[in-house]
A.B. asks: 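Quick one: the structure is below, and I'll ask about it shortly.
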Amino acid sequence: MKLFKLKLFYLFHLLPLLTLFPLLFVACAPVYKANIDYAMSEGILWPGQPEKPRIKYLWSLYSLAPRMSFVDFLAGGGDPTDPKASRALVMPYSVYFEGERLYVADSGAMRATVINIKTMEVLQLGISGKGELGFPVGIVADKAGNIYVSDSDLNKIFVYDKDGKFTGNLSEVKFVRPAGLAYDKDKDLIYVVDALDHKVYGISPANGSVRLIIGKRGDGDGEFNYPTHITVDKDGRIWVTDTLNFRIQGFDRQGKFSSKFGSAGDSYDKFALPKGVAADSEGNIYVVDSSKDTVKIFNGDGRLLLPFGEEGGDRGMFWLPAGIFIDKDDKIYIADTYNRRVQVFQFLGGK
């Protein structure tokens, strides 16, 4: 009889508390924030002594929050095996920075991530709903804070407001495989590289109209063979990674071809698989040579100035990096794709 009463006690008093247990964790769940790794931030420089350093390693970002525990899962934290729920970068492919916000297109997590580097608060885009992403590969933001993400599986440019709300698609253009994005602040123009259509589009974010088209398939001046990435320098010149022509091509603001440099090869002044491209305040052009796990710096005439980085997982090393962006303070943001991180460096000046 006592045993029967004890079972009734557990049934009517403890069981309801156990069902509420996860809810208690939900109510008390912390707000997770990203973490920056500043270790070794003073000791990694290129070139090495006795030469004057030009590039300095600053920090890396891997984690968007602590790893999900079983208790987190019970508290409604989502499926820890779902890449969209990952609390770390999975396969960052492109980066952009403006103001205090770091933007990352994370192809492996099928989402875009925005991190405020002052507060370390994390905003995730494209997780679900009408704006759900499939394979994001490019990301930029305009001067109003609207965020543009190219999706190479869904063949669209998704647009979100500064708070991460999906607002529609950039244009009615039938992209074949949209890839790299760039934003020209002076012209208020979004540049879209279509890798499989071998073109670059300049599109107005205000109404989605196409204001510029550059290129067709080929290996002549102004022609492309699977272009992937793009940037706009301080003078408004457009630089495009013409990936399978193994070169970088430059255009003026009207889309007229102006210059080119690079060819296929194993030496530092040649390319194995060029991807991300960016420009610093002195007009130097940085190219991510993904297969060589190296970033190569050229002057505006295409002369090699300095390579930095090598294969590996330590700070300052790379594993199949892809995207690159340089901000107004000459900080260099690199999507170190297969090391699952963003690494940040400082250009120290060439003079």
Side-chain angles (χ1 to χ4, degrees), residues 34-41 43-48 55-64 67 83-84 86-97 102-113 115 135-139 150 152 179-180 195 226 228-229 231 241 243-244 246 248 262 264-278 285-298 304 306-326 331-347:
N35 297 294
I36 287 178
D37 173 14
Y38 289 102
M40 299 293 294
S41 61
I44 306 176
L45 301 165
W46 291 269
I55 302 292
K56 176 184 177 181
Y57 169 83
L58 296 180
W59 49 265
S60 296
L61 185 142
Y62 307 77
S63 173
L64 305 177
R67 289 183 179 274
K84 288 180 180 286
S86 173
R87 296 183 175 183
L89 297 175
V90 177
M91 197 170 76
Y93 194 83
S94 68
V95 286
Y96 183 79
F97 186 86
L102 173 64
Y103 303 79
V104 183
D106 193 335
S107 303
M110 298 176 285
R111 68 189 180 202
T113 298
I115 301 130
F135 199 80
V137 294
I139 190 166
S150 57
S152 66
Y226 298 98
T228 55
H229 294 74
T231 194
T241 305
T243 299
L244 292 190
F246 302 96
I248 303 299
D266 290 329
S267 60
Y268 278 118
D269 61 341
K270 298 182 185 298
F271 298 121
L273 187 65
K275 286 192 174 181
V277 60
I285 309 302
Y286 296 60
V287 183
V288 175
D289 199 343
S290 184
S291 288
K292 292 297 183 180
D293 302 298
T294 303
V295 178
K296 300 175 178 181
I297 308 175
F298 300 82
L304 179 70
L306 175 70
F308 71 93
E310 61 184 290
E311 180 183 356
D314 290 342
R315 298 169 184 88
M317 297 180 174
F318 303 111
W319 184 12
L320 295 178
I324 184 171
F325 182 79
I326 301 177
K331 286 187 174 64
I332 307 158
Y333 303 81
I334 298 174
D336 188 8
T337 305
Y338 280 84
N339 277 324
R340 299 163 59 106
R341 65 188 176 186
V342 172
Q343 294 199 75
V344 183
F345 304 80
Q346 179 69 59
F347 173 56

A.B. asks: Output yes when Lys270 and Asp289 qualify as a salt bridge under the 4.0 Å nitrogen-oxygen rule, no when they do not.
C.D. replies: no
A.B. asks: Apply the test side chain to side chain contact (heavy atoms under 4.5 Å, CB included) to residues Phe308 and Ile297: give CA-CA distance (whole Å), side-chain angles for both, the deciding distance (0.1 Å), then the verdict.
C.D. replies: CA-CA 8 Å; Phe308 71 93; Ile297 308 175; 4.0 Å; yes
A.B. asks: With a 6.0 Å cut-off on ring centres, are Phe271 and Phe298 close enough?
C.D. replies: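 Between Phe298 and Phe271, which both carry aromatic rings, the centre distance is below 6.0 Å.
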A.B. asks: Looking at CD1 of Ile36 and CH2 of Trp59, how far apart are the two atoms once the value is rounded to the nearest 0.5 Å?
C.D. replies: 4.0 Å
A.B. asks: Calculate, to the nearest 0.5 Å, the distance between atoms CD1 and OG belonging to Ile334 and Ser94 respectively.
C.D. replies: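 Here the rounded value is 13.5 Å.
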A.B. asks: Starting from the C-alpha separation in whole Å, work towards a yes-or-no answer on side chain to side chain contact (heavy atoms under 4.5 Å, CB included) for Leu58 and Phe345.
C.D. replies: CA-CA 5 Å; Leu58 296 180; Phe345 304 80; 5.6 Å; no
A.B. asks: How many angstroms lie between OG1 in Thr113 and CD1 in Ile139, if you round to the nearest 0.5 Å?
C.D. replies: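 The CD1 atom of Ile139 is 8.0 Å from OG1 of Thr113, to the nearest 0.5 Å.
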A.B. asks: For residues Lys84 and Met110, report the shortest heavy-atom separation together with the two atoms involved.
C.D. replies: NZ-O, 2.7 Å
A.B. asks: If I compare all heavy atoms of Leu64 with all of Arg111, which pair ends up nearest, and what's the gap?
C.D. replies: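 Heavy atoms only, the tightest pair is CD1-NH2, 3.3 Å.
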A.B. asks: Is there side-chain contact between Ser60 and Val344, with heavy atoms separated by less than 4.5 Å?
C.D. replies: no
A.B. asks: Nearest 0.5 Å, what's the CD1-CD distance between Ile332 and Gln343?
C.D. replies: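 Here the rounded value is 11.5 Å.
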A.B. asks: Keeping the roles fixed (side chain from Thr231, backbone from Ala278), state whether a donor-acceptor pair exists under 3.5 Å.
C.D. replies: no
A.B. asks: Val342 pairs by side chain to side chain contact (heavy atoms under 4.5 Å, CB included) with which of Asp106, Val104, Thr337?
C.D. replies: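 For Val342, the side chain to side chain contact (heavy atoms under 4.5 Å, CB included) test succeeds with only one of Asp106, Val104, Thr337, which is Val104.
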A.B. asks: Looking at Thr241 and Pro274, what are the two nearest heavy atoms and their distance?
C.D. replies: CG2-O, 3.3 Å
A.B. asks: With ring centroids as reference points, do Trp46 and Tyr57 lie under 6.0 angstrom apart?
C.D. replies: no
A.B. asks: If you measure from CD1 on Ile248 to NE2 on His229, what distance do you get to the nearest 0.5 Å?
C.D. replies: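 If we round to the nearest 0.5 Å, Ile248:CD1 and His229:NE2 are 10.0 Å apart.
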A.B. asks: So do Phe347 and Ile55 actually touch side chain to side chain, heavy atoms under 4.5 Å?
C.D. replies: yes
A.B. asks: For a side chain to side chain contact (heavy atoms under 4.5 Å, CB included) with Arg341, tell me which candidate from Phe318, Tyr62, Trp319 qualifies.
C.D. replies: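 Per the side chain to side chain contact (heavy atoms under 4.5 Å, CB included) rule, the option paired with Arg341 is Tyr62, out of Phe318, Tyr62, Trp319.
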A.B. asks: Between Tyr96 and Phe325, is the gap from one ring center to the other below 6.0 Å?
C.D. replies: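 That pair passes the under 6.0 Å test.
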A.B. asks: Locate the shortest heavy-atom distance separating Lys275 from Ser290; write the atom from each residue and the value.
C.D. replies: CD-CB, 3.8 Å
A.B. asks: Should the pair Asp269-Lys296 be classified as a salt bridge under the 4.0 Å nitrogen-to-oxygen rule?
C.D. replies: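 No salt bridge links Asp269 with Lys296.
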A.B. asks: For Met317 and Asp336, work out which heavy atoms get closest and say how close.
C.D. replies: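 Minimum heavy-atom separation between Met317 and Asp336: O-OD2, 3.2 Å.
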A.B. asks: Establish, from distance only, whether the side-chain atoms of Thr243 and Thr228 form a donor-acceptor pair under 3.5 Å.
C.D. replies: yes
A.B. asks: For residues Arg315 and Ile44, report the shortest heavy-atom separation together with the two atoms involved.
C.D. replies: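 Closest heavy-atom pair between Arg315 and Ile44: O-CD1, 3.5 Å.
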A.B. asks: Determine whether Val277 and Ile285 make a side-chain contact, defined as any pair of heavy atoms from C-beta on separated by less than 4.5 Å.
C.D. replies: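 A side-chain contact exists here, since the closest heavy-atom pair is under 4.5 Å.
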A.B. asks: What's the spacing between Leu102 CG and Leu61 CG if we round to 0.5 Å?
C.D. replies: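 Spacing of CG (Leu102) from CG (Leu61) equals 6.5 Å.
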